[in-house]
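Working notes, structure below.
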Amino acid sequence: MAVVQIINVLTTVGLLRRVMATVVSTDHYTTHGCLCADSWGYKGSVVSGCSGSGHEHGGRMWCRISPGCKSSAGTDADGPWDFCFQGKDPRLHHVLVVDSCLATVMPKNGPNKNLDHWPEVLRPDEHRAAVRCCSQDGMACGNRSWWKDHTSGAREICWQDALYSRAVEICKQNGLRLCSPDELTRGVCCSKQWTPCNHLLTWTTAGVRFPNAFGMQPDSTYKGGPVPVADLWQ
């Protein structure tokens, strides 16, 4: 009887470990587009989310993954595991940045030659870019509210370094919005006076969001890589 009880206890413990590992963490994402398990066993303790110390896998944080993941970094005796982020997957949102004033529209930036930059695709929670704002109809560039004359510098709004969320906020506070790539490249925000924003990459309205935990979406073709400029600028 004692042997049977011990076997039942061990079986129950094993089942509990597996059940605990099926609870999904909505806070920690993995590099294969999945979610960490909310509760899983690690070195004799029950841990949550992205809690593997990394000593086992080259110093990188890792976790047990929730069910339904199409791929993982590996599998060991306790099941599949994956490298993970301490929070949301930063690859799920991409935004196009373009030069806010092309040299073909305005060859000079004040007394200097206007220099162009190639468009790029940035991750808005990690990268920074310049901020210009457009009117709702896209026909005008937003002006600084405190601007009086040329001694105040360029008339148009120009922030040189901001996260995407801050850029959206700046424009919204002024009753404006971010400009589209086409609006910027036709010169709607070219400042007649010298300004660094005439030759800086600038946040635009062109972007794409992928589904959370794309590695658990059977119809998702996104693999986590950079999005080509041509996919966002059409």
Side-chain angles (χ1 to χ4, degrees), residues 9-97 117-130 161-167 201 203 206-233:
V9 169
L10 291 175
T11 301
T12 302
V13 170
L15 287 172
L16 283 174
R17 287 181 64 188
R18 287 195 288 273
V19 169
M20 285 191 298
T22 63
V23 181
V24 174
S25 169
T26 57
D27 297 324
H28 298 151
Y29 289 70
T30 75
T31 57
H32 284 79
C34 297
L35 296 168
C36 290
D38 188 55
S39 299
W40 52 283
Y42 179 64
K43 294 186 177 180
S45 301
V46 176
V47 296
S48 177
C50 187
S51 299
S53 69
H55 296 303
E56 302 86 354
H57 303 298
R60 296 176 61 186
M61 297 295 290
W62 64 280
C63 66
R64 296 290 170 201
I65 58 176
S66 57
C69 188
K70 293 185 289 185
S71 184
S72 65
T75 302
D76 55 26
D78 292 323
W81 61 271
D82 201 359
F83 297 115
C84 51
F85 303 100
Q86 288 284 357
K88 296 287 186 180
D89 185 341
R91 303 166 300 175
L92 295 176
H93 188 193
H94 300 250
V95 177
L96 180 68
V97 294
H117 293 278
W118 290 105
E120 295 182 20
V121 176
L122 302 183
R123 292 192 293 270
D125 293 334
E126 293 186 339
H127 301 136
R128 293 174 177 269
D161 185 54
L163 292 172
Y164 173 80
S165 58
R166 179 62 178 139
L201 288 172
W203 292 114
V208 62
R209 290 181 184 270
F210 293 100
N212 287 349
F214 58 84
M216 300 167 71
Q217 305 284 334
D219 58 345
S220 176
T221 58
Y222 177 62
K223 302 300 182 184
V227 178
V229 168
D231 286 359
L232 297 186
W233 196 353

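Computed from heavy atoms alone, side chains included, the values below leave out hydrogens, waters and symmetry copies.
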By the salt bridge (charged side-chain N to carboxylate O under 4.0 Å, His left out) test, which pairs, at least two apart or in different chains, include something from residues 42-57? Lys43-Glu56
Short question: side chain of Asp27, backbone of Gly87 - any donor-acceptor pair under 3.5 Å? no
Using only atom types and a distance under 3.5 Å, with no angle test, would you say the side chain of His93 pairs donor to acceptor with the backbone of Arg209? no
Any heavy-atom pair between the side chains of Asp78 and Trp40 that's under 4.5 Å? no
Are Leu122 and Val95 packed together at the side-chain level, in the sense that at least one heavy-atom pair is separated by less than 4.5 angstrom? no
Exercise: identify the closest heavy-atom pair between Leu96 and Leu232: N-CD1, 3.9 Å
Ring centroid separation Tyr42 to Trp62 under 6.0 Å: yes
Main chain of Asp38, side chain of Ser48: is a donor-acceptor contact present, judged purely on distance under 3.5 Å? yes
When you measure from the side chain of Ser66 to the backbone N and O of Leu35, does any donor-acceptor pair fall under 3.5 Å? yes
His94 (side chain) donor-acceptor with Arg91 (main chain) under 3.5 angstrom: yes
Exam field: side chain Trp203 to backbone Ser165, donor-acceptor pair closer than 3.5 Å: no
Value rounded to 0.5 Å, distance of CZ in Phe210 from CG in Leu92: 8.5 Å
Candidates His32, His57, Arg64 - the one meeting side-chain hydrogen bond (donor to acceptor under 3.5 Å, both in side chains) with Asp82: His32
Considering the options Cys63, Cys36, Cys50, which one meets the disulfide (SG to SG under 2.5 Å) requirement together with Cys84? Cys50
Just by modelled atom types, is the Gly225 backbone N or O under 3.5 Å from a matching donor or acceptor in the Tyr222 side chain? yes
Testing the basics here: between Val46 and Ser39, what is the closest heavy-atom pair and its distance to 0.1 Å? CG1-CB, 4.1 Å
Donor-acceptor contact present, side-chain Lys70 to main-chain Gln217, <3.5 Å: yes
Go through Arg60 and Thr31 one step at a time and tell me if the side-chain contact (heavy atoms from CB on, under 4.5 Å) criterion holds. CA-CA 11 Å; Arg60 296 176 61 186; Thr31 57; 4.0 Å; yes
Checking disulfide bond (SG atoms under 2.5 Å apart) for the pair Cys34/Cys69: CA distance, chi angles, key distance, verdict? CA-CA 6 Å; Cys34 297; Cys69 188; 1.9 Å; yes
Could you state the interatomic distance from CG (Asp89) to CG (Asn212), rounded to the nearest 0.5 Å? 8.5 Å
Find the distance between OG1 (Thr30) and CZ (Phe85) and round it off to the nearest 0.5 Å. 7.5 Å
Between Trp81 and Ile65, is there a side-chain heavy-atom distance shorter than 4.5 Å? no
For the pair Phe83 and Met61, evaluate side-chain contact (heavy atoms from CB on, under 4.5 Å) and give the outcome as yes or no after the intermediate values. CA-CA 6 Å; Phe83 297 115; Met61 297 295 290; over 6 Å; no
